[in-house]
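Proteins come first, then strands; the chains are lettered A, B, ... in the order of their sequence lines, and each starts at number 1.
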Amino acid sequence: MNIFEDIRKIIIDVAISMGIEDKNILNKITSEPPKDETHGDIATNIALLSSKILNKNPKEIAADIIILIKKNEYIYEAKIAGPGFINLYLDKAILYECCRTVLCYKNKYGKSNYGNLEKVNIEYVSANPTGPMHIGHARGAVFGDSLANLLEYVGYHITREYYINDSGQQIVNLAKSVYLRYLEILNNKKEIFKDDLYPGEYLIPVAQNIINHYGDKFLNSDEIEWLDTFKKISISSMMDLIKDDLSSINIHHDVFTSEEFLKSNGFIEKVVKILNENNMIYEGVLAPPKGLKKEDWKSRPQLLFKSTAFGDDVDRPLKKSDNSWTYFAVDAAYHYEKFLRNYSSIINIWGADHGGYIKRIEGIIKSFPSSTINFDVKLCQLVNLNSDGKPVKMSKRAGNFVTMKSVVDAVGADVLRFIMLTRKNDAPLDFDILKVQEQSKDNPVYYVQYANIRINSLYKKAISLGIDLNKDIDNIDFELLDNTFELNLIKIISKWPRQVEAAAKANEPHRITFYLNDLASAFHYSWSLGNTNSELRYIVKDNIKLTTARLSLAKIVKIILFSGLSIIGVKPAEDLS
RNA sequence: GCACCUGUAGCUCAGCUGGAUUAGAGCGUUGCCCUCCGAAGGCAGAGGUCGUAGGUUCGAAUCCUACCAGGUGCACCA
């Protein structure tokens with residue numbers, strides 16, 4: 001049940017009965033809560049939209065509509081406002097019906113078939129398998145996973161995917177770094193790690209593991225003899241490490257696609273063939289980049305993709321000077337492989353530093369024959385990690401960057417996940433390890449969780465008073481909930497399905513967090529009224545009917561809190577601890 | 001130099017994809033509300049020409065253009 005959609009259908013029926021059949025107009029009809037609550041429950045723009053087609057001024061049309069729409073039992077008042085808006089005032093009955101619906105559907109309230117079970121692929125994290133996850137990875141991870149939950153909630157079929165960059169020079173460097181650790185252990189002396197190697201101590205156990213299996217077999221051998229073995233073991237160890245990290249914040253991918261696999265199974269050749277057939281590839285010479293000094297620039301003909309046809313700055317090379325494929329060529333192959341899997345949407349979650357990469361990949365996808373696929377890239381901005389207001393220093397070079405695991409150990413997975421969604425993805429985020437652990441309203445995690453805790457304490461008290469918490473829905477007198485604070489709370493609850501759908505349409509899971517904050521705020525307010533007036537408490541002595549109704553309202557709040565928190569992947573806190 | 005992102009209250013940010021009367025929160029600030037049994041909370045006040053200038057329209061923080069400021073990225077690396 002989505003009140004706004006229900007009313008919208010009623011408005012559309014009225015429009016049709018007045019002879020408005022243009023679908024362009026019908027689709028634009030709004031049914032939304034006005035900013036100011038004194039202007040009613042729902043505002044619609046129908047009269048403004050139809051003034052041209054009916055050749056009348058909007059206010060006249062509005063007057064006609066009002067007569068028709070007031071016949072509906074749920075609308076007790078309708079007023080013209082401003083240039084021709086219609087403000088609708090809903091009968092409280094519809095709000096009480098909403099309460100019953102929530103209790104009846106419980107955690108299914110707000111779920112929908114909006115997505116029609118269409119297949120959506122969300123690729124997120126995809127951290128290079130060269131070390132543990134750091135705090136920056138965590139943002140994309142939480143964002144992607146919560147978006148997946150959100151889209152699932154509104155009826156999409158989601159594939160959670162991870163792209164493993166298990167190829168190229170960085171993997172050679174990884175293997176070399178492990179080899180140095182191998183030498184260190186066997187020779188018992190320190191080695192020097194050059195700039196592009198990985199000096200982190202997390203590679204020591206990997207080397208030890210190799211020693212356990214192979215002993216000193218590779219001690220005095222040439223690189224060609226040990227490289228492949230070291231690569232293979234290092235990659236799988238690093239992926240285990242990363243999967244453990246992900247698991248600690250409850251993230252589990254369905255599909256891991258390997259770059260090496262795409263390379264060795266002919267996908268690059270396939271995508272190049274397709275692009276060639278569609279005339280998107282040519283042999284050409286790129287101009288040197290302007291305004292940037294590139295000393296080693298050499299002008300030469302290259303195999304290029306026409307990404308400028310899609311708004312990119314320059315066409316992008318598919319082959320390097322040594323005639324091997326570029327990273328971009330493999331990525332094109334990857335997106336072709338995803339394309340073959342028949343998704344209706346492909347969503348990529350990337351760090352903001354990859355912004356310049358979007359257009360060329362978008363171009364690739366649009367180049368596929370009869371491609372109707374939706375493609376969206378969500379960029380996650382930096383996370384500034386602080387401790388009590390002071391920045392935590394990170395030095396990747398020294399190998400002591402702040403790992404995600406250390407933050408999870410400090411604050412817990414729930415707090416980490418929540419905080420990561422307290423900003424929209426394209427705004428930078430400040431994360432203060434100490435402040436997020438405070439138990440106060442300054443801490444958004446705690447503020448929302450405390451609402452749930454208070455509801456639990458209500459239950460405990462109710463049970464001790466012998467009140468039946470599982471009364472038949474039909475026997476609950478919601479009509480007794482007639483105070484402003486109660487009605488406001490119900491109105492916020494009635495907006496839940498609408499909020500979820502809007503968040504899903506925009507691929508913006510942070511909206512769920514903001515909604516939860518609003519809901520918690522309305523609940524805390526309603527609770528605080530009981531401080532000064534015991535008649536306004538949730539549990540009112542000697543009034544079992546009112547108490548039951550209010551406890552049911554609290555239960556509804558708890559249900560929505562649960563649903564919202566589960567989308568962002570956070571467990572509700574049950575008590576103070 | 002080019003592309004993308006951002007610019008809303010002293011600070012940190014929302015703003016439901018074009019809606020209106022008074023642009024909203026939190027922090028900070030100024031006041032107020034418990035003789036612990038519901039204050040880990042609540043209420044109220046002050047604080048804004050929505051970066052600037054044009055444009056589109058019945059209507060713009062939201063769309064378009066140009067500028068300004070900050071961030072990110074700019075053959076063949078991944």
Side-chain angles (χ1 to χ4, degrees), chain A residues 4 28 30 32-36 38-39 43 45 48 51-52 57-58 81-85 87 128 130 165 167-171 173 196 259 285-292 294 296-300 302 304 311-328 330-331 351-359 379 381-382 422-430 438-444 446-447 449-451 453-454 457-458 461 495 498-499 501-503 505-506 508 510-511 513-515 517-518 521 523-532 534 537-539 576:
Chain A
F4 298 92
K28 280 186 188 167
T30 57
E32 50 191 17
K35 277 181 193 168
D36 188 332
T38 62
H39 300 138
N45 60 353
L48 292 163
S51 84
K52 271 183 192 166
N57 93 48
F85 287 96
N87 290 335
N128 290 337
T130 54
N165 294 124
S167 174
Q169 189 57 39
Q170 61 172 357
I171 296 301
N173 293 340
D196 45 4
E259 184 186 354
V285 179
L286 286 177
K290 287 170 189 166
L292 253 187
K294 285 280 173 184
D296 54 350
W297 172 268
K298 275 179 192 164
S299 213
R300 62 178 188 86
Q302 274 177 305
L304 299 171
D312 204 359
D313 304 5
V314 287
D315 292 335
R316 302 291 173 177
L318 293 158
K319 280 200 168 182
K320 303 182 205 169
S321 51
D322 64 0
N323 215 33
S324 64
W325 297 108
T326 59
Y327 179 82
F328 169 57
V330 195
D331 216 2
D353 54 344
H354 287 68
Y357 206 74
I358 297 175
K359 279 182 178 165
L379 298 178
Q381 272 290 354
L382 289 177
T422 51
R423 291 278 176 273
K424 62 181 170 194
N425 57 293
D426 45 18
L429 172 85
D430 292 327
E438 280 176 17
Q439 294 192 341
S440 75
K441 63 175 176 172
D442 305 356
N443 176 357
Y446 193 76
Y447 187 75
Q449 293 283 29
Y450 190 54
I453 292 169
R454 280 183 153 168
S457 82
L458 271 181
K461 194 165 181 183
K495 288 177 188 168
R498 192 174 177 276
Q499 292 288 343
E501 199 173 298
K505 273 182 193 168
E508 288 183 353
H510 76 275
R511 293 191 193 187
T513 316
F514 283 91
Y515 173 85
N517 199 61
D518 288 348
S521 171
F523 177 75
H524 287 312
Y525 171 67
S526 74
W527 175 281
S528 71
L529 294 172
N531 287 330
T532 44
S534 60
R537 292 190 174 195
Y538 273 79
I539 295 174
L576 293 168

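Closest contact between the side chain of A:Gln170 and the listed nucleotides B:rG38, B:rG42, B:rA78 involves B:rA78. Distances were taken from every side-chain heavy atom of A:Asp353 (C-beta onward) to each of B:rA78, B:rA75, B:rU72; the shortest belongs to B:rU72. When distances run from any side-chain atom of A:Leu286 to the nucleotides B:rA20, B:rA78, B:rA75, the shortest one goes to B:rA75. The side chain of A:Ile539 approaches B:rG38 more closely than any other nucleotide in the set B:rG38, B:rC16, B:rA75. Considering only side-chain atoms of A:Pro317, the nucleotide from B:rA78, B:rC76, B:rG42 that sits closest is B:rC76.
A donor N or O paired with an acceptor N or O is not found under 3.5 Å between the base of B:rG41 and the side-chain atoms of A:Trp527.
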Kindly give the atom pairs (protein nitrogen or oxygen, nucleotide nitrogen or oxygen) under 3.5 Å for nucleotides 55-60 of chain B.
none

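Ring pair A:Phe523/A:Trp527 is tilted by interplanar angle, where 30° to 60° counts as tilted. Classified by interplanar angle (parallel below 30°, tilted 30° to 60°, perpendicular above 60°), the ring pair A:Tyr357/A:Tyr327 is tilted.
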Taking protein heavy atoms under 4.0 Å as touching, what does nucleotides 2-15 of chain B look like 5' to 3' if B marks base contact, S marks sugar-phosphate-only contact and - marks none? BSSSS-----SSSS

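Put simply, A:Lys320 has a side-chain N or O that comes within less than 4.0 Å of OP1 or OP2 on B:rC77.
The nucleotide B:rG59 finds no pairing partner, because no Watson-Crick or G-U wobble arrangement with both distances shorter than 3.5 Å includes it.
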